[in-house]
Amino acid sequence: MKKRYLISPGPTPVPEEVLLEMAKPMIHHRTSQFSAIFAECAEGLKKIFCTDQPVLMLASSGSGAMESAVTNVFRKGDKALVVNGGKFGERWGKICEAFGLEVVWINVEWGQAVSVDAVAEALKNNPDIAGVFVQGSETSTTVAHPIQQISELTKNTDTLLVVDGITAVGVYPMPMDEWGIDIMITGSQKALMLPPGLAFISLSEKAWKRSESCDIPHFYFDLKKERKNLAADTSAYTPAASLIIGLRVVLKMMLDEGLENVYKRHDTLARATRAGVEALGLKLLAPESPANSATGLFVPETVDGGKLVKDLRENYGVTFAGGQDHLKGKIIRIAHLGYFDSFDMVVAMASIEMGLLKFGHDVQMGAGVAAVEKIVNERY
Ligand SMILES: *Cc1c(COP(=O)(O)O)cnc(C)c1O
């Protein structure tokens with residue numbers, strides 16, 4: 001027997017009470033029973049997004065909501081300012097290009113956050129930018145981008161701020177209305193503690209108004225149609241009913257814990273993990289602007305990170321994420337977003353220490369774990 005631990009930044013572990021709820025016999029989605037669940041989810045999501053606008057629920061992975069943001073709001077030929085500091089920033093640009101937008105790229109070194117000055121300068125040089133596309137947390141590099149400062153640049157202008165909050169919403173505060181974020185997105189399999197398959201999107205009044213002039217064809221992802229259906233406690237097409245049934249429980253858990261406490265828990269686990277990495281003498285991938293969703297670390301140069309991640313998963317039963325593109329084999333990403341608590345980080349650090357030792361790196365056993373313990377003990 002081998003006990004398994006899922007410590008990857010998506011999918012993330014699903015709480016037992018959510019799994020049990022989703023395992024109940026299927027109900028029909030065009031019923032008052034399901035509509036009540038749908039309505040409760042819609043209300044809860046507004047609190048998580050910190051918005052008075054409706055939060056639409058789409059049956060797709062997070063990228064579907066990213067696509068819908070482009071195809072429902074913008075026009076062919078619109079200029080998009082895209083922050084590309086990792087795989088997901090690059091995806092924003094690819095989606096924009098696929099639908100005929102003209103992309104102005106801001107390339108950011110992987111592991112760094114975008115500089116607010118660079119965004120301001122690009123906006124100044126291109127006064128006709130229709131939208132700024134950025135990640136709240138760039139999961140591939142474990143970086144948090146300065147969304148609040150960027151929102152100050154777009155707030156009272158015609159430019160829309162489009163934020164992929166897939167590993168930021170429910171991790172740290174990103175109040176959509178207060179900051180003036182125009183489009184905000186998240187997905188089910190990250191901080192929302194659900195299996196993959198749901199995406200969420202909300203538009204500001206400014207973004208809804210802009211959508212009136214949109215000329216990009218779309219059919220399944222029709223946000224106006226979804227908004228109309230949501231007002232009647234239903235969805236345009238068959239919803240991912242089991243996931244929405246699970247979502248109701250997730251939202252209740254998060255709101256019972258209290259959003260402030262949810263953010264605080266993520267902050268503590270993130271600080272503890274970073275301290276553990278440094279106590280092992282390893283380098284953080286994003287030392288200056290780390291996201292509280294996941295912590296990236298460079299494996300020692302003598303160790304093949306790809307093999308280490310595989311061995312930890314297959315032999316030790318602990319699943320982390322490795323690196324992509326030029327970081328392939330060079331990093332490990334330890335997740336702490338969603339259903340994670342103190343002792344998960346102890347497991348994470350212990351397994352990394354043991355794995356590194358096995359792969360020939362000179363580790364002081366327990367040094368990382370001790371650093372984690374010291375910080376998570378603040379919680380008790
Ligand atoms: C996971 C993730 C996505 C992509 O979501 P899918 O559900 O795989 O489509 C997009 N952006 C960020 C920041 C993510 O972490």
Side-chain angles (χ1 to χ4, degrees), residues 6-14 48-49 56-71 80 82-96 98 108 110-114 132-147 150 161-172 174 176 181 183-202 220-221 240 243-244 246-247 250 266 270 285-286 289-296 319-325 327 331-340:
L6 180 60
I7 313 186
S8 87
T12 61
V14 181
I48 304 287
F49 273 54
L56 309 173
M57 296 173 252
L58 305 173
S60 78
S61 83
S63 303
M66 292 171 78
E67 174 172 320
S68 77
V70 174
T71 60
V82 172
V83 173
N84 177 12
K87 285 307 277 182
F88 295 112
E90 182 184 45
R91 184 168 305 172
W92 264 142
K94 284 184 176 170
I95 295 170
C96 287
V108 180
W110 286 32
Q112 304 277 321
V114 69
V132 177
F133 293 77
V134 64
Q135 270 60 39
S137 148
E138 172 53 79
T139 322
S140 65
T141 64
T142 64
V143 159
H145 286 305
I147 300 303
I150 296 172
L161 176 58
V162 188
V163 178
D164 163 3
I166 295 181
T167 53
V169 173
V171 175
Y172 60 88
M174 217 166 58
M176 182 174 157
I181 295 169
I183 304 183
M184 197 156 90
I185 289 163
T186 196
S188 55
Q189 81 276 27
K190 312 276 170 101
L192 293 187
M193 310 187 277
L194 286 164
L198 279 182
F200 310 94
I201 181 166
S202 187
Y220 179 69
F221 293 123
L243 294 173
I244 284 164
L247 175 65
V250 162
H266 283 90
L285 171 60
S289 184
N292 282 350
S293 48
T295 296
T319 299
F320 295 106
Q324 293 155 294
D325 289 0
L327 293 179
I331 62 161
I332 298 180
R333 286 174 296 150
I334 306 170
H336 27 70
L337 79 166
Y339 189 50
F340 284 103

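Every value quoted in this text rests on a predicted model; they were computed, and no experiment measured them. Ligands are counted one by one from 1 in listed order, and the atoms in each one are counted from 1 as well.
Annotation: the span from Leu285 atom CG to Ile331 atom CD1 amounts to 5.0 Å, rounded to 0.5 Å. In this structure, NE2 in His336 is found 2.5 Å from OG1 in Thr295, a value given to the nearest 0.5 Å. With values rounded to the nearest 0.5 angstrom, Gln189 atom CD is found 7.5 Å from Thr12 atom OG1.
Taking the side-chain contact (heavy atoms from CB on, under 4.5 Å) definition, one finds that Ser293 meets it with Ser137, Thr167, Val171, Ala291, Leu337, sequence neighbours left out. Ala69 pairs by the side-chain contact (heavy atoms from CB on, under 4.5 Å) definition with Trp92, Val162, Ile183, Ile185, Ile201, not counting sequence neighbours. For Glu90, the salt bridge (charged side-chain N to carboxylate O under 4.0 Å, His left out) test picks out Lys87, with sequence neighbours left out.
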Pick out the protein N or O atoms lying less than 3.5 Å from any N or O of ligand 1, and list each pair with its distance.
{"residue": "ligand 1", "atom": "7 (O)", "partner": "Ser61", "partner atom": "OG", "Å": "3.4"}
{"residue": "ligand 1", "atom": "7 (O)", "partner": "Gly62", "partner atom": "N", "Å": "2.8"}
{"residue": "ligand 1", "atom": "7 (O)", "partner": "Gln189", "partner atom": "NE2", "Å": "2.8"}
{"residue": "ligand 1", "atom": "9 (O)", "partner": "Ser61", "partner atom": "OG", "Å": "2.5"}
{"residue": "ligand 1", "atom": "9 (O)", "partner": "Gly62", "partner atom": "N", "Å": "3.3"}
{"residue": "ligand 1", "atom": "9 (O)", "partner": "Ser63", "partner atom": "N", "Å": "2.8"}
{"residue": "ligand 1", "atom": "9 (O)", "partner": "Ser63", "partner atom": "OG", "Å": "2.6"}
{"residue": "ligand 1", "atom": "11 (N)", "partner": "Asp164", "partner atom": "OD1", "Å": "3.4"}
{"residue": "ligand 1", "atom": "11 (N)", "partner": "Asp164", "partner atom": "OD2", "Å": "2.6"}
{"residue": "ligand 1", "atom": "15 (O)", "partner": "Thr139", "partner atom": "OG1", "Å": "2.4"}
{"residue": "ligand 1", "atom": "15 (O)", "partner": "Lys190", "partner atom": "NZ", "Å": "2.7"}

